[in-house]
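Along the sequence shown, the residues carry numbers beginning at 1.
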Amino acid sequence: MKLINEIKKVNWFLILSFYGLILILTYFSRKLPNVLQSVIHAFTNLEVNWNYNHGIAILLVSFLFYKFSPVKSTHSLFGDNKLKSALFPLLLFIGYSVYGFSNNNGINEHLWAFIFCLFTIVYDIMEEYTWRGYLIEGLGKINLIVKSVISGIFWGFWHLLIFNDFDQYGGFGVFLLFSIIVSFILTFSVSKTKAILVPATIHALLIRTNIVTLICFIIFVIMLLTWDRKLFKKRGKSRFINNGNS
C-alpha cells in the first residue's frame with residue numbers, strides 16, 4: 001500500500017513531459033552535424049567516435065526542468081564527500097591509462113586511454129545528470145528498486161534513437177534487461193553519494209571490458225558499501241590530554 005501511495009504522489013505528467021521532450025530533442029540533435037567532431041576538426045584532423053549532440057540535448061532538458069519544475073536537486077557533481085567522489089574517476093584514469101588503449105590515430109596508447117576516459121566521463125556526466133539525476137529525483141520517495149527499473153526502462157528505450165542496432169548485445173531485449181540491471185547499480189551509487197560523478201564514472205566502465213574494468217568495479221563496490229566510514233580516523237582527544245599531563 002505504501003508503494004502504491006508513493007507512486008500515486010509522483011507527478012507523472014511532469015515525468016512523461018520530461019521524457020517526451022528528451023526523445024524529441026534527441027531525435028533532432030542526432031540529425032545535426034557532430035558538434036564535437038566539428039570543434040576537434042578546427043584544431044586537428046583527429047577522427048573521433050564520440051557524439052555529444054544528444055548528451056548536450058538531454059543535459060539542457062534536465063537543467064531546464066530542474067530550474068522551472070517543482071523538483072529540486074539534492075545532488076551535485078561531487079556530492080557530500082568531494083574527496084571520496086574524486087577517487088572514483090582518479091582510479092579509472094590511472095587504471096586505464098596504465099593499461100593503455102590501442103588506436104589508429106598514431107597516439108601513444110597510454111595517452112589515448114587517458115583522452116578516451118576524459119571524453120567518455122564528460123559525456124556520461126550529461127547522461128547521469130538526466131537519468132540518475134532529474135528522473136530519479138522526480139520519482140519522489142518511491143523505493144530505489146522501482147526507481148531503478150523505471151530509470152532503466154526509460155534509459156534503455158532512449159537508446160533506440162542512439163544505436164543503429166543492438167546485435168552486439170544479442171538484441172534489444174537483452175540490452176533493455178542489461179540497462180535495468182546497470183541502472184540498479186547507478187541508482188544505488190547516486191543515492192548513497194549524492195554525487196553525479198560517481199555513477200558517471202561507473203557508467204564509464206562500460207567503455208572497455210578487461211582486467212582493469214573488473215578491478216575498478218570491485219573497488220567501486222567496496223567504496224560504496226563503506227561510503228559512510230571516514231577515510232581518516234581522528235586520534236582520541238582524551239589520549240592527547242593524558243599525554244600532556246604525564
Side-chain angles (χ1 to χ4, degrees), residues 15-16 18-20 22-31 34 36-37 47-55 57-59 88 91-92 95-96 99-104 109 112-113 116-117 119-133 135-136 139 142-191 196 198-221 224:
I15 294 297
L16 293 178
F18 170 74
Y19 191 56
I22 277 180
L23 295 180
I24 292 171
L25 289 188
T26 296
Y27 174 80
F28 285 107
S29 69
R30 296 287 294 180
K31 300 295 183 181
N34 188 325
L36 179 62
Q37 184 70 81
E47 295 292 335
V48 299
N49 295 322
W50 300 286
N51 189 332
Y52 278 11
N53 287 18
H54 49 281
I58 64 175
L59 179 67
F88 279 77
L91 290 172
L92 183 82
Y96 281 131
Y99 190 87
F101 292 166
S102 60
N103 63 93
N104 298 320
E109 61 180 14
W112 179 245
F116 202 99
C117 289
F119 277 99
T120 300
I121 284 185
V122 169
Y123 169 77
D124 287 340
I125 288 173
M126 300 179 198
E127 275 207 35
E128 294 310 316
Y129 186 75
T130 301
W131 306 118
R132 260 60 62 175
L135 179 58
I136 290 299
L139 291 173
I142 298 177
N143 68 60
L144 289 181
I145 295 177
V146 178
K147 282 185 175 182
S148 299
V149 172
I150 294 174
S151 174
I153 291 173
F154 279 27
W155 186 35
F157 274 98
W158 172 75
H159 280 88
L160 288 170
L161 300 173
I162 309 301
F163 297 155
N164 294 324
D165 62 65
F166 296 86
D167 293 343
Q168 62 176 320
Y169 300 100
F172 177 72
V174 177
F175 177 81
L176 182 60
L177 179 61
F178 176 73
S179 297
I180 295 172
I181 294 172
V182 174
S183 182
F184 274 94
I185 301 170
L186 300 180
T187 302
F188 173 75
S189 72
V190 79
S191 67
I196 295 297
V198 173
T201 305
I202 298 173
H203 188 167
L205 285 177
L206 300 177
I207 61 178
R208 286 289 189 275
T209 303
N210 51 42
I211 186 62
V212 176
T213 308
L214 178 60
I215 293 173
C216 282
F217 181 74
I218 293 173
I219 294 174
F220 290 167
V221 170
L224 289 173

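Atom CD1 in Ile145 sits 13.0 Å away from atom CD1 in Ile180 (nearest 0.5 Å). Thr120 OG1 to Ile125 CD1: the interatomic distance, rounded to the nearest 0.5 Å, is 11.0 Å. For the atom pair OG (Ser151) and CG (Leu139), the distance works out to 8.0 Å, reported to the nearest 0.5 Å. Taking OG1 of Thr26 as the start and OH of Tyr19 as the end, the distance is 9.0 Å to the nearest 0.5 Å. Atoms CG and CD1, on Leu205 and Ile215 in that order, are 11.5 Å from each other to the nearest 0.5 Å. With rounding to the nearest 0.5 Å, the separation of NE2 in His54 from CG in Leu59 is 12.0 Å.
Heavy atoms only, all atoms of each residue included: Arg132 and Ile196 are closest at O-CD1, 4.5 Å. The two atoms that bring Val146 and Asn143 nearest to each other are N-OD1, 3.0 Å, heavy atoms only. The two residues Cys216 and Leu91 have their closest heavy-atom pair at SG-O, 4.0 Å. In terms of heavy atoms, Ser189 sits closest to Pro199 at OG-CB, 3.4 Å. Residues Ala204 and Leu92 share a closest heavy-atom pair of CB-CD2, 3.8 Å.
Between the Tyr96 side chain and the Cys117 main chain, no donor and acceptor come within less than 3.5 Å of each other. Without hydrogens or angle criteria, Tyr52 side chain to Phe119 main chain gives a donor-acceptor distance under 3.5 Å. A distance-only check finds a donor-acceptor pair linking the side chain of Asn53 to the backbone of Ser29 [under 3.5 Å]. In this structure, Arg30 contributes its side chain and Ile162 its backbone to a donor-acceptor pair below 3.5 Å. In this structure, Thr213 contributes its side chain and Asn210 its backbone to a donor-acceptor pair below 3.5 Å. Without hydrogens or angle criteria, Ser183 side chain to Val149 main chain gives no donor-acceptor distance under 3.5 Å.
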Determine, stepwise, if the pair Trp131 / Leu186 fulfils side-chain contact (heavy atoms from CB on, under 4.5 Å).
CA-CA 9 Å; Trp131 306 118; Leu186 300 180; over 6 Å; no

Residue pair Phe18, Ile22: steps toward the side-chain contact (heavy atoms from CB on, under 4.5 Å) verdict:
CA-CA 6 Å; Phe18 170 74; Ile22 277 180; 3.4 Å; yes

Test log, rule side-chain contact (heavy atoms from CB on, under 4.5 Å), inputs Leu23 and Tyr27:
CA-CA 6 Å; Leu23 295 180; Tyr27 174 80; over 6 Å; no

So Ile15 and Leu135, side-chain contact (heavy atoms from CB on, under 4.5 Å) or not? Walk me through it.
CA-CA 7 Å; Ile15 294 297; Leu135 179 58; 4.0 Å; yes

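More than 12 heavy-atom neighbours from other residues, nucleotides or ligands sit within 6.0 angstrom of CG on Leu206. Around OH of Tyr99, the count of heavy atoms belonging to other residues, nucleotides or ligands within 6.0 Å does not exceed 12. The number of heavy atoms from other shown groups lying within 6.0 Å of CG (Asp165) is above 12. Other residues, nucleotides and ligands contribute more than 12 heavy atoms inside 6.0 Å of the CZ atom of Phe163.
Annotation: cation-pi geometry satisfied between Arg208 and Phe101 (NZ/CZ under 6.0 angstrom from ring centroid, within 45° of ring axis).
Between Phe175 and His159, the ring planes are perpendicular. Angles over 60° get that label, and only those under 30° would be called parallel.
Residues Phe157 and Ile153 meet the side-chain proximity criterion, which asks for heavy atoms closer than 4.5 Å. A heavy-atom distance below 4.5 Å is found between the side chains of Ile202 and Leu224. Residues Ile58 and Leu25 are not in side-chain contact: their nearest non-hydrogen atoms beyond the backbone lie 4.5 Å or more apart. The shortest side-chain heavy-atom distance between Val190 and Val198 does not fall under the 4.5 Å cut-off.
Close placement of the Phe116 and Trp50 rings is indicated, their centers lying within 6.0 Å of each other. The aromatic ring centroids of Trp155 and His203 lie less than 6.0 Å from each other.
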